[in-house]
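What follows is a set of notes on a single structure, which appears directly below.
Counting from 1, the numbers follow the sequence of the chain as shown.
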Amino acid sequence: MDMIDPFGRTVSYLRVSVTDRCDFRCTYCMAEDMTFLPKRDLLSLEELDRVCTVFVEKGVKKLRLTGGEPLVRKNVMHLVRRLSRHLKSGALEELTLTTNGSQLQRFAGELADAGVKRINVSLDTLDAEKFHAVTRWGNLDKVLQGIDAAQAAGLKIKINAVALKGFNDGEIPGMLRWAHARGMDLTLIETMPMGEIDEDRTDQYLPLSLLRADLEREFTLSDIPFRTGGPARYVDVKETGGRLGFITPMTHNFCESCNRVRLTCTGTLYMCLGQEDAADLRAPLRASEANDALSAAIDEAIGRKPKGHDFVIDRRTSRPAVSRHMSVTGG
């Protein structure tokens, strides 16, 4: 039942945005005055469960819930508990989520009880004032308390940090030591040209090749074959004993091994993060209680998954590569 795209890649990883809403307004992700989708346009939790289940039946082994901020979706734990049945059956190898950490103190125990083993927490700085500035609305203490709660519940955490020139590039060594001292991996991510924001991305963009070179003046980094199923390439850090990941969609794209597709909270399937081509799964989902049409629509979409994306950030390219924001696509 495996889904194979036109380039021979097996699609085994589905990222699902359960909401486009977020309780932060990160400067590189969205505008401060965002217009979110009408709630009536969103798939219900039952519909999200049904679509995810069809993907699992078609060979998806890893399912990640994203947003916006997934934990602000009303009754989201009902969906998590429903999806966990696929872990118990063995059909799904991993159920996980990416979060900004703001709601972790409230939900960490329930997530662990539902079979979630590890999560990604997006955190770009350990400076409270800078954190509030980059998130516009966020509170660093609340996120750190959420991380404490998640670790106490037994969840393994990976910290994701978007590298932003002139903002957090000087903090990365300290964040690396902090994360590794707590048994957490750190992954660095290049900012991506998605959606209109209030700032110029050319002022924010920091190639990770340059950042790695800077880090190697202070740390011994050794490439390793470790993978989590996503696009990160990892190194061991001799001085800390931990792992550091690099996600480089701009300087070294990861398209040749892409195994994932993304479902939005409205039922739109994007076969590539950096392309506008998409498939409507909401219509076949709602057209029949049977899943035949939905399954056929998924097959058709996988059959036109592109080879890769065309991200560009430079002074000559003022428009984002894709018009939708990351919060719409699902992280």
Side-chain angles (χ1 to χ4, degrees), residues 24-29 69 98-105 108 118-152 155-192 199 201 203-224 226 228 230-252 326 331:
F24 291 177
R25 295 290 184 275
C26 293
T27 58
Y28 54 82
C29 181
E69 168 49 47
T98 295
T99 173
N100 65 25
S102 66
Q103 307 297 316
L104 269 180
Q105 195 168 19
R118 68 183 187 96
I119 59 174
N120 290 354
V121 177
S122 300
L123 180 62
D124 303 319
T125 176
L126 294 173
D127 181 298
E129 289 186 8
K130 288 168 68 174
F131 181 85
H132 184 72
V134 76
T135 62
R136 293 191 178 104
W137 297 1
N139 182 302
L140 179 62
D141 284 342
K142 189 174 182 181
V143 172
L144 295 179
Q145 289 164 10
I147 290 172
D148 289 342
Q151 289 195 310
L155 296 174
K156 187 169 179 58
I157 298 173
K158 178 167 73 71
I159 301 295
N160 286 346
V162 176
L164 300 169
K165 182 171 61 179
F167 176 77
N168 64 357
D169 38 351
E171 282 191 75
I172 300 303
M175 291 188 69
L176 183 64
R177 293 189 181 92
W178 168 78
H180 288 179
R182 297 194 54 156
M184 302 183 295
D185 289 347
L186 172 67
T187 292
L188 305 175
I189 307 171
E190 290 175 336
T191 187
M192 288 174 263
E199 302 187 22
R201 283 195 172 91
D203 294 330
Q204 300 176 327
Y205 173 51
L206 176 63
L208 290 189
S209 54
L210 298 181
L211 184 54
R212 175 169 177 165
D214 287 341
L215 289 172
E216 287 181 320
R217 298 187 182 98
E218 194 169 342
F219 301 98
T220 307
L221 308 181
S222 303
D223 292 306
I224 56 174
F226 177 78
T228 61
R233 294 176 170 90
Y234 286 89
V235 298
D236 271 334
V237 184
K238 180 180 179 181
E239 289 76 8
T240 64
R243 283 189 296 256
L244 174 64
F246 297 92
I247 296 181
T248 53
M250 304 301 300
T251 55
H252 179 189
M326 178 70 87

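Side-chain N or O atoms of Glu239 include one that pairs as donor or acceptor with a backbone N or O of Thr220 at under 3.5 Å. Gln103 places no side-chain N or O within 3.5 Å of a backbone atom of Glu69 that could act as its donor or acceptor partner. Using a distance-only test at 3.5 Å, with no hydrogens or angles considered, a donor-acceptor pair links the side chain of Arg136 to the main chain of Arg25. Judged by distance alone, with hydrogens and angles left aside, the side-chain atoms of Asp124 form a donor-acceptor pair with the main-chain N or O of Val162 at under 3.5 Å. In this structure, Lys130 contributes its side chain and Phe167 its backbone to a donor-acceptor pair below 3.5 Å. No donor-acceptor pair closer than 3.5 Å links the side chain of Asp169 to the backbone N or O of Lys165. With His180 contributing its side chain and Arg243 its backbone, the two residues share a donor-acceptor pair below 3.5 Å. Judged purely by atom type and a 3.5 angstrom limit, Asp127 uses its side chain to pair as donor or acceptor with the backbone of Glu129.
Taking CE from Met184 and CE from Met175, the interatomic distance works out to 8.5 Å, rounded to the nearest 0.5 Å. To the nearest 0.5 Å, the span separating NZ on Lys156 from CG on Asn120 amounts to 11.0 Å. Residue Leu104 holds its CG atom at 10.5 Å from CD of Gln151, rounded to the nearest 0.5 Å. Here Asp185 contributes atom CG and Leu176 contributes atom CG; the two are 10.0 Å apart, rounded to the nearest 0.5 Å. The structure places CG of Leu211 at 5.5 Å from CG of Leu206, a figure rounded to the nearest 0.5 Å. Atom CZ of Arg177 sits about 12.5 Å away from atom CG of Leu186, to the nearest 0.5 Å.
Glu190 and Leu208 get closest at one heavy-atom pair: OE2-N, 3.0 Å. Residues Thr125 and Glu171 come closest through the heavy atom pair OG1-OE2, 2.6 Å. For Leu123 against Ala161, the heavy-atom pair with the smallest separation is O-CB, 3.3 Å. Taking each heavy atom of Ala150 and Ile157 in turn, the nearest pair found is CB-CD1, 3.7 Å.
Residues Phe24 and Val134 fail the side-chain proximity criterion, which asks for heavy atoms closer than 4.5 Å. With a 4.5 Å cut-off on side-chain heavy atoms, Ser102 and Asn139 do not count as touching. Looking at heavy atoms from C-beta onward, Leu215 lies out of side-chain contact with Glu218 at the 4.5 angstrom threshold. Side-chain atoms of Asn160 and Lys158, non-hydrogen and from C-beta on, do get closer than 4.5 Å to each other. Contact check for Phe219 versus Val235: no side-chain heavy atoms found under the 4.5 Å cut-off. Between Arg233 and Thr248, the closest side-chain pair of non-hydrogen atoms falls below 4.5 Å.
Evaluated for a side-chain contact (heavy atoms from CB on, under 4.5 Å) with Ile159, the options Leu126, Leu188, Ile147 yield exactly one hit, Ile147.
Legend: residues meeting salt bridge (charged side-chain N to carboxylate O under 4.0 Å, His left out) with Lys142, ordered by chain and number and at least two apart, are absent.
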